[in-house]
Number of protein chains: 2
Amino acid sequence: MIQQNIKIAVDAIVFGYSNNTLNVLLIKQKYGVLENQWALVGGFVKDNEGLQDAVVRELKEEAGIDVDYLEQLYTFGDDVKRDPRFHVVSVAYFALVNNSVFTLIADTDAADARWFPVNNLPDLAFDHKAIIDLSIKRLQSKLSYQPIGFDLLSASFLFSELENLYCTILEKEIDRRNFRKKVLNFGFVEETNKFAPQKSGRPAKLFKFNHKKYRKLVEDGFVFEIKFA
Amino acid sequence: MIQQNIKIAVDAIVFGYSNNTLNVLLIKQKYGVLENQWALVGGFVKDNEGLQDAVVRELKEEAGIDVDYLEQLYTFGDDVKRDPRFHVVSVAYFALVNNSVFTLIADTDAADARWFPVNNLPDLAFDHKAIIDLSIKRLQSKLSYQPIGFDLLSASFLFSELENLYCTILEKEIDRRNFRKKVLNFGFVEETNKFAPQKSGRPAKLFKFNHKKYRKLVEDGFVFEIKFA
DNA sequence: CCAAAAGTGTTCACGGTACACCCATGC
DNA sequence: GCATGGGTGTACCGTGAACACTTTTGG
């Protein structure tokens, strides 16, 4: 059997969107090496545990949440000193939670959990800042060719919320009329007959994302893409 | 220090293109567990060795080559029994070699190395078949939005070779006139004043990919994209 | 002169972009 | 009645798609 002194960890970059702001979930562990240091949710993989299972477990243990979208991002292991204690390779996962989960983050036995706006992050452990930067790029590019924006909103949402989400994350201005036209033309964003009262101004229709319709369209060769000038 | 009995390996999926065929590099080790079994180039990461360094080393040791393009593909570790001996997580890398390297593959001390057409693969070790399938998908999609096709050709190439490469890998028919128009419009594919004699028919101009020009265009906001009906 | 592959322009349709005014509500 | 955000249609332009004949060489 091979001798090897490398440890495998997983880390999760969890994004949440609220009040026109993109946030990342960070934790401060209550004991251990990372005491008093903000870091991504994560930890070592257990023997006989799958990678994704490990992420799901850590998310539950350290932040008490289930996420709406989870995919592997990148494996960090070119710098053998990224963890100063010993050689650790970390498989980073990219996760999204919708608005209702966003409000539910609570401290757990293991850690204090808090949302931080992506443009106002505290100092972070290890190379976690670089990992977050990469995730943001991934989020930006995915937004253009996969309908993941909906995973950051509530089950029903206002068109203006969707539009603002795209504006905020992509840091672009978008023509409201063209955006609406394009999104509704897809056919999988449907209006409900409910309205949301506004602080001021005309009440707005609530819309929802029809997952079934989306999947059917994709089977029939539809390719999601949304671009801006 | 954490107790953990998981090993980290790297695997490389190396593509080469020749005679209108996409090939993958496979090896058959001369000793060890994988004797008489075709497999991807790969092996365990050494203590204090970076992941990418490990891939580069294995490529040299087992196939005697340097590649032209290398990027991380995916980390396989959800199935804890993917290697029946013990728990192994494998970081897979996607690599391309140009036509001149293609011809140079030779057996090394460690292994017999051979190219196999992707649609005529032998039985493979572990989950290597699934890894190759994923790589092919990645190659197909990358081809559309990154100029990596050039890494599979010689430094100078015929337009028809480029065109055939796209046709073969994407399994599509392409209009020659539109393809040529589009590619030349980019501005980074330049004709040389050399000609290649054909077996039959009119001699063809050789073209080359101007890396500097491409990089400059990208800096100025150019986004590569090439699609077909 | 025939076979084989290289080289070349034009027309049409669709989708993207730009752009400004009316509507419903709360105060 | 006014401030605030919601909701809507049209005209233009550029890019992508379809499509067929001429050129150069070798045998």
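Scope of the values below: all heavy atoms of this structure, side chains included, with no hydrogens, waters or symmetry mates. Since the model is a prediction, treat every value here as computed from it, not as a measurement. So you know, we letter chains A, B, ... as the sequences are listed, proteins then strands, and number each from 1.
- Base engagement by B:Lys181 is indicated by at least one non-hydrogen atom pair under 4.0 Å involving a base atom.
- Spacing between atom CZ of B:Phe179 and atom P of C:dG9 amounts to 18 Å, rounded to whole angstrom units.
- Atom CZ of B:Arg180 is separated from atom C1' of C:dA5 by 12 Å (rounded to the nearest Å).
- Whole-Å rounding puts the A:Asp175 CG to D:dA11 C1' distance at 14 Å.
- Cation-pi geometry between A:Arg114 and A:Phe116 is met: the NZ or CZ atom falls under 6.0 Å from the ring centre, inside 45° of the normal.
- Ion pairing of B:Glu61 with B:Arg57 is present here, as a side-chain N (NZ or NE/NH1/NH2) and a carboxylate O approach within less than 4.0 Å.
- Rounded to a whole Å, the NZ atom of A:Lys205 is 11 Å from the C1' atom of D:dT8.
- Phosphate contact (OP1/OP2 of C:dG16, side-chain N/O of A:Lys182, threshold under 4.0 Å): present.
- Using cut-offs of 30° and 60° for the angle between ring planes, the A:Phe179 and A:Phe159 rings count as perpendicular.
- Within 4.0 Å of B:Phe228, counting heavy atoms only, lie sugar-phosphate atoms of the nucleic acid but no base atom.
- Between the CZ atom in B:Phe15 and the CD1 atom in B:Ile132 there is a gap of 7.0 Å [rounded to 0.5 Å].
- Residue-environment remark: CG (A:Asn19) stays at or below the threshold of 12 foreign heavy atoms within 6.0 Å.
- Spacing between atom NZ of A:Lys227 and atom C1' of D:dG14 amounts to 15 Å, rounded to whole angstrom units.
- Nearer the 5' end of DNA chain C, as judged by each residue's closest nucleotide, is the contact made by A:Arg176, out of A:Gly201 and A:Arg176.
- At D:dG6, one or more side-chain N or O atoms of A:Ser160 fall inside 4.0 Å of OP1 or OP2 (strictly under the cut-off).
- Comparing A:Arg177 and A:Gln198 along DNA chain D, the residue whose closest nucleotide (by nearest heavy atom) sits nearer the 5' end is A:Gln198.
- Separating the CD atom of A:Glu173 from the C1' atom of C:dC19 is a distance of 14 Å, rounded to the nearest angstrom.
- Atom CZ of A:Arg202 and atom P of D:dG5 are 15 Å apart (whole Å).
- Look at NZ on A:Lys199: it is 8 Å from P on D:dG5, rounded to the nearest Å.
- Nearer to the 5' terminus of DNA chain D, by closest-nucleotide assignment, is the contact made by A:Ala204 (compared with the other of B:Ser200 and A:Ala204).
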